[in-house]
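Report on the structure given below.
As a basis for the values below, the full set of heavy atoms in this structure was taken, side chains included, without hydrogen atoms, waters or symmetry mates. If you read the sequence from its start, that first residue is 1, and numbering goes on from there.
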Amino acid sequence: MQQPGQKKSIAGTLLNLIGSGPKRSPAAPPPSRDGDVVQPAAGEGALENHLGGDEARNYRKYEYDTVAPHVGRSMLEVGSGLGHFSEQFAGRLDYLVVSDNDPYCVGELRKRYEGNDDVEVIDLALPADIDIRQKVDTVVMMNVLEHIKDDVQALRDLAAVTLPGGRIVIWVPGYMQLYGDFDRKVGHVTRYTPKTLEKSVREAGLVPEVLKPINFLGGIAWWFAVRRGGAGYPDPRLVKIYDRTVVPFTRTIERFVKPPFGQTVLCVARVPE
């Protein structure tokens with residue numbers, strides 16, 4: 001919030017929209033035995049679910065419109081959470097696999113798709129051998145890879161269940177300059193640049209077809225929130241305001257201008273035939 005006498009600015013407005021100050025925040029996730037941060041259980045109140053749930057309908061549509069052109073007729077979504085993203089594909093695919101490694105989320109996904117034979121729900125924590133009914137032509141990872149220490153092996157595991165010539169769509173947080181308390185709380189190992197993501201993709205034997213930063217204004221807002229405002233996590237009420245104002249404006253700008261950086265990095269990688 002603005003202090004008395006503080007000038008109004010675009011930066012200040014974005015700061016107020018994107019996050020709350022360090023007042024009250026959920027407890028940080030416990031460290032694992034080897035000292036690595038463990039992603040907390042998702043549940044209804046989890047931090048990351050607010051970024052893709054009911055508070056962010058425009059942003060979820062932005063994600064869908066960006067990813068959908070690269071999706072074929074069968075899809076495995078890794079880290080489906082409560083199913084907000086995958087539900088947009090249900091009905092247009094011949095075969096959909098949704099997954100998560102949080103018991104609450106897996107249970108909610110099973111409830112959501114109960115009785116739908118075209119949808120398979122699995123408990124999945126990468127890296128791992130993946131057991132699904134059949135190979136898919138598309139894998140989608142929305143804000144998942146950044147949680148995985150051995151990202152190269154995770155991508156290899158996904159390639160093993162993807163048809164030759166199929167695609168793995170990767171949507172990850174961008175740029176370590178934006179790394180802050182929120183990333184630590186939700187167990188992010190890193191934030192990527194196009195260069196670092198390309199390195200992991202190529203080491204996994206995949207061929208990047210699309211590789212670019214997106215959500216330029218979101219990146220600016222997040223920088224001010226984390227570096228200048230001390231925001232520890234996004235306030236769901238303010239996420240709604242951000243979703244209704246900044247997201248549509250960002251989408252319009254990025255139709256005409258290629259952003260030099262962004263809050264997110266998008267990669268579409270092909271599995272060699």
Side-chain angles (χ1 to χ4, degrees), residues 36-37 39 48 51-52 59-60 62-72 75-81 85 99 101 124-128 130 136-162 164-180 182-184 186-223 226 250-251 254 257-272:
D36 292 331
V37 174
Q39 183 180 1
E48 286 189 296
L51 300 182
Y59 187 75
R60 193 161 74 246
Y62 177 32
E63 290 178 319
Y64 176 82
D65 289 343
T66 303
V67 170
H70 306 289
V71 175
M75 184 180 93
L76 161 62
E77 185 192 17
V78 182
S80 301
F85 187 71
S99 68
N101 67 338
L124 177 62
L126 293 170
I130 303 170
V136 295
D137 59 39
T138 313
V139 172
V140 173
M141 307 178 75
M142 305 298 292
N143 297 312
V144 173
L145 195 63
E146 68 276 8
H147 290 278
I148 303 171
K149 188 173 182 179
D150 192 349
D151 56 354
V152 173
Q153 185 57 51
L155 291 171
R156 288 174 180 155
D157 293 336
L158 293 170
V161 295
T162 306
R167 293 181 173 91
I168 299 177
V169 182
I170 307 163
W171 180 293
V172 288
Y175 300 88
M176 284 301 290
Q177 293 92 332
L178 303 181
Y179 194 99
F182 174 81
D183 298 276
R184 283 185 284 271
V186 298
H188 289 175
V189 175
T190 189
R191 296 180 74 102
Y192 288 88
T193 65
K195 185 176 180 180
T196 59
L197 185 54
E198 179 181 10
K199 181 176 183 294
S200 294
V201 164
R202 289 194 181 278
E203 285 184 12
L206 305 172
V207 181
E209 294 183 331
V210 177
L211 188 59
K212 62 182 181 180
I214 57 176
N215 196 9
F216 176 68
L217 289 181
I220 294 174
W222 194 256
W223 188 89
V226 172
T250 297
R251 294 194 63 175
E254 292 186 2
V257 179
K258 182 179 179 180
F261 84 101
Q263 188 181 10
T264 297
V265 175
L266 171 70
C267 179
V268 180
R270 178 171 50 82
V271 177

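Counting all heavy atoms, side chain and backbone alike, V207 lies closest to P272 at CG2-CG, 4.3 Å. Considering all non-hydrogen atoms of both residues, L178 and D183 come closest at O-OD2, 3.5 Å. When every heavy atom of P173 is checked against every heavy atom of N143, the shortest pair comes out as CD-OD1, 3.7 Å. Across H188 and Y179, no two heavy atoms sit closer than the pair O-OH, 2.7 Å. In terms of heavy-atom proximity, L126 sits nearest to I130 at CD2-CD1, 3.9 Å. Listed here is the closest heavy atom pair of G262 and Y175: O-CD1, 3.3 Å.
Listed by first and then second residue, the salt bridge (Lys or Arg N to Asp or Glu O under 4.0 Å) pairs that reach into residues 164-180 are R167-E209, sequence neighbours excluded.
With values rounded to the nearest 0.5 angstrom, R156 atom CZ is found 7.5 Å from E203 atom CD. Within the model, atoms CH2 of W171 and CD of E63 stand 5.0 Å from one another, a figure rounded to the nearest 0.5 Å. Remark: H147 NE2 to M141 CE distance equals 10.0 Å, nearest 0.5 Å. Considering CG of L124 and CG of N101, their distance stands at 7.5 Å, rounded to 0.5 Å. How far CD1 of I168 is from CG of L155: 6.0 Å, rounded to the nearest 0.5 Å. Note that the CZ atom of R251 and the CG atom of N215 stand 11.0 Å from one another [nearest 0.5 Å].
Under the rule for a side-chain contact (heavy atoms from CB on, under 4.5 Å), the partners of D151 that lie at least two apart in sequence or sit in another chain are L145, Y192, S200. Qualifying side-chain hydrogen bond (donor to acceptor under 3.5 Å, both in side chains) partners for D150, counting only residues two or more places apart in sequence or in other chains: none. For K212, the side-chain contact (heavy atoms from CB on, under 4.5 Å) criterion is met by V210, I214, L266, not counting sequence neighbours. In terms of the side-chain contact (heavy atoms from CB on, under 4.5 Å) criterion, A160 has no residue partners (sequence neighbours excluded). Scanning for side-chain contact (heavy atoms from CB on, under 4.5 Å) contacts around D137 gives R73, S74, L163, with sequence neighbours left out.
L206 is listed as a side-chain neighbour of V271, based on a closest heavy-atom distance under 4.5 Å.
For the pair R202 (side chain) and P208 (backbone), a donor-acceptor distance under 3.5 Å is absent. The backbone N or O of T196 lies less than 3.5 Å from no partner atom in the side chain of E198, so there is not a single donor-acceptor pair. Of the possible polar contacts, one joining the S99 side chain to the E77 backbone as a donor-acceptor pair under 3.5 Å is found.
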Evaluation steps, side-chain contact (heavy atoms from CB on, under 4.5 Å), between H70 and R270: CA-CA 10 Å; H70 306 289; R270 178 171 50 82; over 6 Å; no

Worked verdict on T190 versus M176 for side-chain contact (heavy atoms from CB on, under 4.5 Å): CA-CA 7 Å; T190 189; M176 284 301 290; 3.5 Å; yes

